[in-house]
2 protein chains.
Amino acid sequence: MAVSMHDVARVAGVSQRTVSNVVNNYEFVRPETRQRVLDAMAALGYVPNAAARSLRSARTGLIALVVPDFRARIFADLAGPVVREAEALGYTVLIELTGSDREHELTVLTGGRNQLTDGAIMMALSLRPEDGQRRRVDYPIVLVGDQVLEGQVHHVGIPNKDASAAVVRHLVSAGRRRLMLLGHDPHGGQTARMRARGFLDGLAEEGLTAHEELLVGAGWTREGGQSAIEEHLDAGRPMPDAIFAMNDSLALGALRALHARGIRVPQEVALVGFDDVEEARYATPSLTSVSPDVEALAANAVAMLHEQITGKPSGREQHIMVDFRLKVRESSQ
Amino acid sequence: MAVSMHDVARVAGVSQRTVSNVVNNYEFVRPETRQRVLDAMAALGYVPNAAARSLRSARTGLIALVVPDFRARIFADLAGPVVREAEALGYTVLIELTGSDREHELTVLTGGRNQLTDGAIMMALSLRPEDGQRRRVDYPIVLVGDQVLEGQVHHVGIPNKDASAAVVRHLVSAGRRRLMLLGHDPHGGQTARMRARGFLDGLAEEGLTAHEELLVGAGWTREGGQSAIEEHLDAGRPMPDAIFAMNDSLALGALRALHARGIRVPQEVALVGFDDVEEARYATPSLTSVSPDVEALAANAVAMLHEQITGKPSGREQHIMVDFRLKVRESSQ
DNA sequence: CTGAAAGCGCTAACAC
DNA sequence: GTGTTAGCGCTTTCAG
């Protein structure tokens, strides 16, 4: 059996209460008493028991990070900052992988399997807006990304619409006029819809209109991007002078297809992606991409969750949009 | 306050003990009693309290996955399989990020900050062999990757040596003779040393010897690979007809440098990497790479940890090497 | 098969 | 400032 507070108290010649006070940095302990307790703790190798503490305090100090999969770069990028921010507030992060399964995501929304975590940060891909109603109200949750639920659900989002419009402005100001949207999916998730909206709004603001044949559907993967471009070219459809791929995977796939067909980027076609994955910097040519502020995403999500957990009245907005930057690289200039 | 077993017992008209039996799938409960309890649980929305359970049973059901950083692809690749395997055995996975900090890795080795986890799977990069002595014996740990500590530490490894020798055989059988080792670091970590060893042994087996000037040091990053190749070429050192880069980042950096200098891959120089990151498949030309069996790595690590936690006598080896495959792609043929 | 009851280690209300 | 003490919700020993 591990050493308990009781053992420490006995060795230090104080009561358990005093040991607890020291462990929890309670202010009013005489310095010499504190030192005696600290010495006893060190001598015995005392480590507080998390289970007992959370049983008593009804808080576990654990928060869940619920993501579809770590293979997709954006989720892996999120993990580091979330862990760091959480640690700073005294939480430990626990991973939960949903595989984008709707049932699994609903389970989290309705309170999780057991009372293991104080709350969750979730990147949900399969929830529907009306699922918000099913949320268990006393389980703190912050949604990250795009899926906005109905009801009182805190949320930190990526500025898909604004950033997409910014991409259009960038391309048009560089003299491009025939813009292709790659990865179009009007009945897909909110991410796809918002990025398309930003693209179309951006065109409209510039006095341009979208060419139907340049709104190209494709799975949001490299294979998707590559084959969509190949098919487009092989079918002899109108040639764009710029391509906005809805994420970097699509863009890198497109780049490969263009390269294989001998079409020069950016001379003949400019190319812009979204997410700014690491590879974007190292592609040939390096890829212009939208870089959402992931650190801010993590920091806000953890802070909002912490506020819910501690029940602090929030001065913060319930919905936050983080900032973005357009990293202009070789592929678009 | 949440519903407790006591509440369920009262509603079902049984004792708390019986509820516990039902929750834990204890066999000898009369079916009708079981059903009554189940109904009561459903009616009250009962969820077992993890803290109380682990306080009582001295097991938390949590295991820590300790990695340097999720940005490095290999760690992200490991997370999914580990979580799945752990789940199958009834564990939940908790992330701990060390940032390759030796102190942090030592903390884990010596038992972790608190008794929050039943054990840990660690990918240690900064520990030294002698640190094995400092291990707290009653805290189950499985090391993953290469760093083997002295003493009784379970370990699942990647076959760096064998795989590197296989790369050499592949290149030689394709007619290459002047092989460069990129990323050489004879005083570096065990990963670098074992891959170099495999490379040199492989050459020796083929009756070839390594040219000193073709053992090229470089940081294991794209920048490292790129600048090392650029310098090598600019200095007019001997030109290899094949390059074995010790990881894919190095290889992709090298590819960029070769491309920039107009050297054709694989016609003039063949190129092989290690790790088989996703980008390897999508590089131009696609990159031949060693693909360690990450699923097996995860499965073995979790199984070994589980055995230590439950104190089961292990029929399994204490040190396991997982399998690998050489994915031959355009860059080497 | 089921009931009664003893803690697991800790926090915090209550005393002094 | 410090000691006493009552549980938090659960598992498990001992009876029946």
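Numbered from 1 within each chain, the chains take letters A, B, ... in sequence-line order.
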Round to a whole Å and report the spacing from CZ of Arg53(A) to P of dG9(D).
18 Å

Side-chain ion pair, Asp39(B) and Arg36(B), N-O less than 4.0 Å:
no

Measure the distance from CD on Gln16(A) to C1' on dT11(C) and round it to the nearest whole Å.
9 Å

Which heavy atom in Tyr26(A) sits nearest to a heavy atom in Arg34(A), and how many Å separate them?
O-NH2, 2.9 Å

Taking donor-acceptor contacts at under 3.5 Å, does the side chain of Arg56(B) reach the base of dG7(C)?
yes

Donor-acceptor pair present, Arg17(B) side chain and dT13(D) base, under 3.5 Å
yes

How would you list, by chain and number, every residue that makes a side-chain contact (heavy atoms from CB on, under 4.5 Å) with Asn24(A), sequence neighbours excluded?
Ser20(A), Arg53(A)

Would you mind reading off the distance between Arg10(B) atom CZ and dT2(C) atom P, rounded to a whole angstrom?
19 Å

Nearest of dT12(D), dT2(C), dC10(C) to any side-chain atom of Met5(A)?
dC10(C)

According to a strict under-4.0 Å criterion, is Thr33(A) in side-chain N/O contact with OP1 or OP2 of dT2(D)?
yes

Among dG9(C), dT11(C), dT2(C), which nucleotide has an atom closest to any side-chain atom of Thr18(B)?
dT2(C)

Answer yes or no: is there an ion pair linking Arg128(A) with Asp131(A), defined by an N-O contact shorter than 4.0 Å?
no

In whole angstroms, the gap separating P of dG9(C) from CG of Leu116(B) amounts to 16 Å

So, is Ser20(A) close to the dT11(C) phosphate, meaning a side-chain N or O under 4.0 Å from OP1 or OP2?
yes

Calculate the interatomic distance between Asn21(A) atom CG and dA12(C) atom P; express it in whole Å.
10 Å

Interatomic spacing from CG in Leu143(B) to CG in Leu127(B) - rounded to 0.5 Å
7.0 Å

With a non-hydrogen cut-off below 4.0 angstrom, is Ser57(A) in contact with a base, only sugar-phosphate, or nothing?
nothing

Compare the minimum distances between each of dG9(D), dT11(D), dC10(C) and the side chain of Ala52(B), then state the nucleotide with the smallest one.
dG9(D)

Rounded to the nearest angstrom, tell me the gap between atom CZ in Arg59(A) and atom P in dG9(D).
17 Å

Within the 4.0 Å heavy-atom criterion, would you say Val23(B) contacts the bases, only the backbone, or no part of the nucleic acid?
nothing

d(OH, Tyr26(B); P, dC1(C)) in whole Å:
9 Å

Whole angstroms only, please: what is the CG-P distance between Leu55(B) and dC10(D)?
12 Å

From the candidates dG3(C), dG9(D), dG3(D), the one with an atom nearest any side-chain atom of Asn49(B) is dG9(D)

Quick one: which of dC8(D), dT11(C), dC8(C) gets closest to the side chain of Asn24(A)?
dT11(C)

Let me spell it out: for each of His6(A) and Arg36(B), pick the nucleotide of DNA chain C with the closest heavy atom. Which residue's pick is nearer the 5' end?
Arg36(B)

Nucleotide nearest Ser15(B) (side chain, heavy atoms from C-beta), chosen from dC10(D), dT2(C), dC10(C):
dT2(C)

Checking the side chain of Thr18(B) only, and the main-chain atoms of Val14(B) only, is there a donor and an acceptor separated by less than 3.5 Å?
no

